[in-house]
Amino acid sequence: MRRCDIMNENTSNLERKIVEKNMLINSFDKHDDSQQTKIQDVEMELDGLLYQYYKMLGNKKD
C-alpha cells in the first residue's frame, strides 16, 4: 500500500470518528447535569481527534 493510500485511509478513519463523537455529543441531554461529565469526556476525545486530523492535513501538504 502506498503512503498516500495509507494517509487517505487514516484521514477517512479520523473523519468517521469525529462524526461519531459529534453525534454522541448531540445525543446527550445538555440540560441534564448528570450527563455533563460524559459530555466533557467526549468533547476532550473530540478535541484530540480534531488535533490529529489537523496535523494529518498539514502533513498531506508536504
Side-chain angles (χ1 to χ4, degrees):
M1 201 177 236
R2 293 183 6 218
R3 183 174 187 262
C4 182
D5 293 336
I6 293 171
M7 295 264 309
N8 286 338
E9 184 176 331
N10 289 340
T11 302
S12 294
N13 286 337
L14 274 174
E15 289 171 348
R16 181 185 48 77
K17 289 178 184 179
I18 289 168
V19 168
E20 287 174 2
K21 295 298 178 186
N22 273 318
M23 289 173 58
L24 184 58
I25 289 170
N26 289 333
S27 73
F28 287 125
D29 181 358
K30 293 179 178 51
H31 301 292
D32 183 351
D33 289 339
S34 67
Q35 294 189 353
Q36 290 305 310
T37 301
K38 291 178 189 176
I39 292 171
Q40 289 173 346
D41 289 345
V42 175
E43 286 175 338
M44 286 177 39
E45 291 175 32
L46 180 58
D47 284 347
L49 291 171
L50 289 169
Y51 180 71
Q52 288 177 32
Y53 187 73
Y54 173 77
K55 283 178 49 177
M56 191 170 291
L57 291 178
N59 288 337
K60 275 187 166 182
K61 291 181 181 178
D62 295 340

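None of the values given here were measured: they were computed from a predicted structure.
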query: From H31 NE2 over to Q36 CD, what is the distance, rounded to the nearest 0.5 angstrom?
result: 9.5 Å

Taking every non-hydrogen atom, the tightest pair across D29 and Q35: N-OE1, 2.8 Å

task: Report whether I18 and M56 are members of the same hydrophobic cluster (ILVMFWY, side-chain heavy atoms less than 4.5 Å apart, transitive linking).
output: yes

For K21, the option from N26, L46, L50 that meets side-chain contact (heavy atoms from CB on, under 4.5 Å): L46

- request: May I ask you to check whether over 12 heavy atoms, not counting those of Y54, lie within 6.0 Å of atom OH?
  value: no

query: Got a second to check how far N13's CG is from Q52's CD, nearest 0.5 Å?
result: 11.0 Å

- request: First locate atom CD1 of I25, then atom CD of E45, and finally report the distance between them rounded to the nearest 0.5 Å.
  value: 9.0 Å

- prompt: Taking side chain as C-beta onward, heavy atoms only, is E43 less than 4.5 Å from I39?
  reply: yes

